Number of protein chains: 4
Amino acid sequence: MVEQKTVAKSRSVNRVVKSAPYEPGGKAPATRRRLLDAAAFVLAEKGFTGMRLSDVGEVAGVQAPAIYYHFNNKEELAGEVFITGLVRSRATLEEVLALHENDDALDRLAVAIDAHVRLSARQTVYGRAWMHRSTGDVPEAVEQMCQSDERAYARVWTQVLSNAHSDGFLRGDIDLKTAQQMLLGALNSISFVTRAGRALDVDGLVRSAQTMLLSGLSETQRAWPLLAESEVVDPF
Amino acid sequence: MVEQKTVAKSRSVNRVVKSAPYEPGGKAPATRRRLLDAAAFVLAEKGFTGMRLSDVGEVAGVQAPAIYYHFNNKEELAGEVFITGLVRSRATLEEVLALHENDDALDRLAVAIDAHVRLSARQTVYGRAWMHRSTGDVPEAVEQMCQSDERAYARVWTQVLSNAHSDGFLRGDIDLKTAQQMLLGALNSISFVTRAGRALDVDGLVRSAQTMLLSGLSETQRAWPLLAESEVVDPF
Amino acid sequence: MVEQKTVAKSRSVNRVVKSAPYEPGGKAPATRRRLLDAAAFVLAEKGFTGMRLSDVGEVAGVQAPAIYYHFNNKEELAGEVFITGLVRSRATLEEVLALHENDDALDRLAVAIDAHVRLSARQTVYGRAWMHRSTGDVPEAVEQMCQSDERAYARVWTQVLSNAHSDGFLRGDIDLKTAQQMLLGALNSISFVTRAGRALDVDGLVRSAQTMLLSGLSETQRAWPLLAESEVVDPF
Amino acid sequence: MVEQKTVAKSRSVNRVVKSAPYEPGGKAPATRRRLLDAAAFVLAEKGFTGMRLSDVGEVAGVQAPAIYYHFNNKEELAGEVFITGLVRSRATLEEVLALHENDDALDRLAVAIDAHVRLSARQTVYGRAWMHRSTGDVPEAVEQMCQSDERAYARVWTQVLSNAHSDGFLRGDIDLKTAQQMLLGALNSISFVTRAGRALDVDGLVRSAQTMLLSGLSETQRAWPLLAESEVVDPF
DNA sequence: CATGAATGAGGGTTCATTCAT
DNA sequence: GATGAATGAACCCTCATTCAT
């Protein structure tokens, strides 16, 4: 009842990267790359369940069954899209952080935010595809494929944040786990501002994000009012 | 009447809430409510495309075709779920804001954040269902159904934010549109912290959210470093 | 494989006319009549498979389930429509023939044609409904219900035709069975000329039918040319 | 490409006949032909609404969904059946008429009747399928698909009839439109005599049809009696 | 490497039919 | 006598997947 529907029997779930037919010179790797890009594109727009292999094929310029030469099934294709996105994001992040290795922990946090926004702004579909992963639209199996990379990616942020925290740069009254979640939630939501595609002021976006998340919306310092549970009525 | 089958018969398109006035004896409204709740539940977990009417039926305790007695089709069902969620959220928000009518604009913003978090924390599936709407998983038709309610909901936040802004409470270097998007992105992402379902410290969550969003993550005040576009390399 | 699909289990197939609840004064008989008319109407437009009980109900001004108080199921309803139409047609025919009892057999044939056309022209939906019966759209069970009435109706024509034949009024080189089929085929097809609904010259129609069928299209008398089987090629 | 699902993708809407030029090796055209034949067969027996794609598949020796490789949907399949039948009938008719180009207009009419009957007698299911089209059982969309071919077919008859008329071969007191309708109605009804499938005397059938329609049922020439409207009572 | 052709499982939707009221 | 509410069987259609070529 209401369970995840597994997609087919997937002959060899764990052989993630079909390595055999990879002899350089063939056009297979190119097609494989095109398929990943196409899948990311469709995934970003429609989510996993909404992604039709025929659409992916169309975008990539091949017929749907051709996908099966490069990937074992839909789940694996989606999984690799997610992983690719995560790996790229992490690489970008780590690279930038490496460049700012000697900055203090707070500047490094600001720089991480900057890098994230800039990457999003470049419309990388992989990022938008990834957003769907968090919606439960993606089957368990795919989620498991990505787990390690997801954690690795999250760890980078956790690291940056906890460094800033232990170096005394962060407010004491904030739960770090929650903060990270909200931080990424806020950053990811930016892609929706971006979406319209009009030429946009990336530097402005970055500044807004940094300011809001690091310095807060308000300059005024005060204790924020807290409601009583009973004040918030859930209207049926 | 007796015409060539058209696409939708629009029996109850606009009967959105209509709660009380059913003469006793009819159990339709009860079932209808159960169906909405069930749909919200499934929608929250699987998204629109992943939602099977049979699942909705099962959760609601009826057979799938019974849904068609209450809604014209899957899209309408989903649409009413979204609308219901939006309407409830807005009502809650407005009620709380009304209670704090005389607070200054900044406190009212804090109070709005508080109310939102509290509502999310109560696990209202309607909220989580709503998150899927932004993923493109939902067909155009449904999106159009919700448009007006969505805008009405957004307007409440826009109002609160712009009041705070015009009263001089917000930092000058923040784009209001972006700020609102990030604010809501951050708030919505909280439901994922919540997800595990363990007993949670709602007051703590609220405080974290308020502090982070209003006062910022850091107590230190400084100009944040800005990367050059070229520093952020997109690794293919 | 490709067999007639019987509609449900039909508790009592042979109890054709539910006789019990017939106490005069109740409004049941009136509704029953309205249902028959409505069914004839829908049947005439959509055929048996295309007829939805909900449509019949709508036309009759009741809900679909109400039908089950008056008829055991869809098949029985349709069957009675057909029978009603047949009985009426036969009655009309016989009445007219009785009025012309003393005419010679050929005039009686002409008169029968006249009566048929006039009835059709009055748009009696029962007649149009009947046309569908011959298309195989109607399940066996219904066909059996009507069989005796159908035969009785056909017999009237057979009688008229064979009288004309044995009285030496008809051409010798015509197969009577085929002639009757074509005669009725031609007459029924008139309802399609009629269909447009514009005011029509019934007397003209009658004359055309009589002349064409009795005197033939052509005044010229000659032996008609006959093709060789091989001349008619079926182009695949 | 990758858009919100629309109602029909119109892959092969206009590829109506296209018989020969498929490079050998593709078995699609063969299957397509089998599907058309199967559909015609089922259509002839059950009508459009009664035709189940599963039945069509079974008759054609494929699974139902395979149909969607060759046709966009049920309507298109039915439409092409109708069109195929019409095109073939017209082709046959025109061919025969071409062979008798130099006969006088009346003989050409006789020959057309002959060809029609002979085609019907060969049981071409396409013809019987076509009869259903006139019953209203067929959705508007399908009717529109066939419209032009239907008119083209009718035009052949109209031509033959009007030629005979203007050459002075037809009786003056007959409405040509009505005559054509009755003529075709009569001819089509022949397929019901044929139906039983027993070995039949096609030449006899042809002669009966020609004689009855051209020379009339009766050899006696007289003015036919006309009823008064009031003589024909519609018995409720 | 890729496609043409087909399959099988399932999902949305319709509709005759039931039954308690 | 008739309706409100629901069911179950089927039907059209979609889509991931296969396999021979």
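None of these values were measured; they are calculated from a predicted model. Letters go in sequence order (proteins before strands), and every chain restarts at 1. Hydrogens, waters and symmetry mates are skipped; everything else that's a heavy atom, side chains included, is used.
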Atom-pair distance (CG on B/Asn72; P on E/dT13), nearest Å: 10 Å
Nearest non-hydrogen partners of D/Ala39 and D/Val56, listed with the distance: N-CG1, 3.9 Å
All ring-ring contact (aromatic ring centres under 6.0 Å, His included) counterparts of D/Phe48, not counting sequence neighbours: none
D/Ala129 to D/Ala40 - nearest heavy-atom pair and separation: CB-O, 3.8 Å
Nearest-Å distance for atom pair CD/P, residues C/Glu76 and E/dA16: 15 Å
Closest to side chain of A/Asn73, choosing from F/dC13, F/dT17, E/dA16: F/dT17
Contact nearer the 5' end of DNA chain F, comparing A/Leu53 with D/Thr49: D/Thr49
Close side-chain approach of A/Val42 to A/Val59, heavy-atom, < 4.5 Å: yes
Separation of F/dC15 C1' from B/Arg52 CZ (nearest whole Å): 15 Å
Candidate list A/Met51, A/Glu58, A/Arg52, test side chain to side chain contact (heavy atoms under 4.5 Å, CB included), partner A/Ser54, passing option: A/Arg52
For atom CZ of C/Arg32 and atom C1' of F/dA2, their distance in whole Å: 16 Å
Heavy-atom side-chain contact between B/Val138 and B/Phe82 under 4.5 Å: yes
Whole-Å distance separating the CE atom of D/Met51 from the P atom of F/dC11: 13 Å
Side chain to side chain contact (heavy atoms under 4.5 Å, CB included) partner of D/Glu80, the single match among D/Leu36, D/Val142, D/Leu35: D/Leu36
Side chain to side chain, A/Leu77 and A/His70, heavy atoms closer than 4.5 Å: no
Between P of F/dT14 and NZ of A/Lys46, the distance in whole Å: 14 Å
Close side-chain approach of D/Tyr68 to D/Leu53, heavy-atom, < 4.5 Å: yes
Separation of F/dC15 C1' from A/Lys74 NZ (nearest whole Å): 8 Å
Got a list of protein N/O to nucleotides 6-8 of chain E N/O distances below 3.5 Å?
residue : atom : partner : partner atom : Å
E/dA6   : OP1  : D/Thr31 : OG1          : 2.6
E/dA6   : OP2  : D/His70 : NE2          : 2.7
E/dT7   : OP2  : D/Gln63 : N            : 3.1

Whole-Å distance separating the CD atom of A/Glu58 from the C1' atom of F/dC15: 15 Å
5'-to-3' dot-bracket of DNA chain E (Watson-Crick, G-U; under 3.5 angstrom; crossing pairs as [ ]; | other strand): .||||||||||||||||||||
